[in-house]
There are 4 protein chains.
Amino acid sequence: MTKDFQTSKPIYIQIADHLSSQIVRGEMRAGEKLPSVREMAINSGVNPNTIQRTYSEMERMGIVETKRGQGTFVTENEQVLKELKICLQTDIIDAFVQNMKELGFSQEEMVEGLEQYFRRDQE
Amino acid sequence: MTKDFQTSKPIYIQIADHLSSQIVRGEMRAGEKLPSVREMAINSGVNPNTIQRTYSEMERMGIVETKRGQGTFVTENEQVLKELKICLQTDIIDAFVQNMKELGFSQEEMVEGLEQYFRRDQE
Amino acid sequence: MTKDFQTSKPIYIQIADHLSSQIVRGEMRAGEKLPSVREMAINSGVNPNTIQRTYSEMERMGIVETKRGQGTFVTENEQVLKELKICLQTDIIDAFVQNMKELGFSQEEMVEGLEQYFRRDQE
Amino acid sequence: MTKDFQTSKPIYIQIADHLSSQIVRGEMRAGEKLPSVREMAINSGVNPNTIQRTYSEMERMGIVETKRGQGTFVTENEQVLKELKICLQTDIIDAFVQNMKELGFSQEEMVEGLEQYFRRDQE
DNA sequence: GTGGTCTAGACCACA
DNA sequence: GTGGTCTAGACCACG
């Protein structure tokens with residue numbers, strides 16, 4: 001019944017991202033069954049169609065496989081899961097570096113800025 | 001006639017971000033006049049309405065000021081420009097940290113990951 | 001334990017097609033007994049219900065006959081088997097011609113395209 | 001107001017296939033604007049959502065590009081269009097050959113069968 | 001029970 | 001005006 005979605009990104013993408021994170025973090029294992037579309041819809045407090053779209057998108061990306069009449073499962077292709085983790089990570093770093101570069105930061109300043117951020121965080 | 005916009009973000013935001021970056025990097029100085037809406041529209045290859053919206057948005061954030069009949073100018077309030085730089089930077093780092101945390105990375109791993117990224121970049 | 005089904009077509013149809021092909025190719029003869037539903041299900045790695053449906057469908061088409069308590073058999077009506085071959089073949093060619101026509105190919109170009117395809121295959 | 005869809009394939013795919021054919025046949029040129037979602041929906045006698053899905057699918061395949069607030073256009077990347085034609089053609093021939101092979105036909109028999117089919121057609 | 005498709009109707013941001 | 005997303009509710013084929 002979690003209903004804390006951002007307004008900027010489509011909900012179906014946010015849910016897909018969240019599930020991908022769970023898989024990458026190992027909270028969901030290869031071959032494990034995802035909740036059914038309807039179940040997930042209730043849990044997330046959204047319409048089943050929205051979950052359907054989430055699952056379709058994830059299947060298109062090869063993260064998930066659907067077995068007819070049985071449900072949707074995390075792919076058993078471990079290679080894909082490894083790539084997924086790397087891909088997600090690289091995308092995030094890419095965006096970060098590009099944005100910081102646009103602001104005129106050098107690579108050293110980026111690392112420095114990040115460390116300062118954490119130091120401030122601890123206080 | 002630059003026409004390389006992403007599909008995910010609104011064009012007017014992308015242009016605003018680009019202008020903000022220029023200002024933060026010092027390529028545009030406090031008090032400097034921005035191109036007219038029409039001129040900017042032609043240069044960017046977009047609808048003048050879109051530029052209008054960009055300028056409105058930037059004015060709302062206090063980055064630029066519109067002087068009637070004269071045009072749009074970078075604010076002369078240096079304080080605002082300093083804050084702008086910090087604000088943009090913090091937003092970027094915030095997003096980065098949150099995304100990486102979602103993937104299960106610790107603070108140390110984030111710094112490490114970033115440095116690895118740069119090392120790979122140099123090769 | 002063959003488990004290489006397409007996602008687009010129903011599994012029970014794919015199995016029916018496969019069996020029909022075997023019959024048409026002469027690998028299964030008129031009057032020959034098909035594997036039992038359970039046996040076939042295990043061999044194919046699918047639910048017995050699915051095989052049941054396959055057999056029902058094939059019986060509906062007159063390709064097989066069910067003898068109570070004895071099992072399912074390829075029909076002994078040779079006429080039906082002849083027609084089956086022609087029917088299957090015509091369906092395939094029909095689909096091919098219609099699809100190619102949709103792409104703007106003339107009859108000559110279809111034959112030509114097919115021959116080119118084989119030539120490329122041999123290299 | 002054409003409403004002659006097969007029951008076997010999803011409507012949104014059938015429409016996508018039809019549009020692709022038109023593009024491949026040259027009836028729609030690179031850069032040409034497609035009807036708006038709503039317009040197309042009325043013309044086809046289906047729900048706008050269905051057309052939306054058609055366009056999304058085609059964009060995913062690179063056949064079509066959407067410009068924000070302006071509409072959906074045939075891609076101007078001629079290379080993609082060439083590949084599309086080849087790809088569609090090869091898929092059709094592939095399916096044909098595989099199906100015929102399953103029935104036990106040799107390559108020569110396939111060509112022969114096709115030519116006979118056309119001869120019968122002319123009578 | 002499962003996922004897949006479709007409709008009807010609505011709202012939104014963007015140009 | 002455009003496309004994009006979402007809801008509500010329905011029906012279907014499949015296993």
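Residue numbers begin at 1 in each chain, while the letters A, B, ... track the order of the sequences. All of these numbers come straight from a predicted model, not from anything done at the bench.
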From [atom1] of [X] over to [atom2] of [N], roughly how many Å is that when rounded to an integer?
X: A:I51; N: F:dT7; atom1: CD1; atom2: P; value: 9 Å
X: A:K67; N: E:dG3; atom1: NZ; atom2: C1'; value: 14 Å
X: D:K33; N: F:dT2; atom1: NZ; atom2: C1'; value: 8 Å
X: B:M40; N: E:dA15; atom1: CE; atom2: P; value: 14 Å
X: A:R60; N: E:dG4; atom1: CZ; atom2: C1'; value: 17 Å

For this session: Would you give the length of the straight line joining atom CG of C:L19 to atom OH of C:Y55, rounded to the nearest 0.5 angstrom?
Result: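 Reported to 0.5 Å precision, the distance equals 6.0 Å.
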OP1 or OP2 of [N] sitting under 4.0 Å from any side-chain N/O of [X]?
X: A:Q52; N: E:dG4; result: yes
X: A:Y12; N: F:dT5; result: yes
X: A:T66; N: E:dG3; result: no
X: D:R68; N: F:dT2; result: no
X: B:R53; N: E:dC14; result: yes
X: A:T50; N: F:dT7; result: yes

Exercise. Does the pair B:H18 and A:E102 meet the rule for a side chain to side chain contact (heavy atoms under 4.5 Å, CB included), with working shown?
Worked result: CA-CA 8 Å; B:H18 186 240; A:E102 186 118 326; 4.0 Å; yes
Exercise. Of C:K9 and A:R38, whose nearest nucleotide on DNA chain F comes first from the 5' end?
Worked result: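 It is A:R38 whose nearest nucleotide is closer to the 5' end.
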Exercise. Paired with F:dC14 by Watson-Crick or G-U wobble geometry, both distances under 3.5 Å: which nucleotide is it?
Worked result: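 Pairing partner: E:dG1.
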Exercise. The side chain of A:V37 lies closest to which of these nucleotides: F:dA8, E:dG3, E:dT5?
Worked result: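 The listed nucleotide nearest to A:V37's side chain is E:dG3.
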For this session: Ignoring hydrogens and angles, answer whether the base of F:dG4 and the side-chain atoms of D:N49 contain a donor-acceptor pair closer than 3.5 Å.
Result: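 No.
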Problem set entry | Steps toward side chain to side chain contact (heavy atoms under 4.5 Å, CB included) verdict (C:L34, C:V74) | CA-CA 7 Å; C:L34 278 70; C:V74 178; 3.6 Å; yes
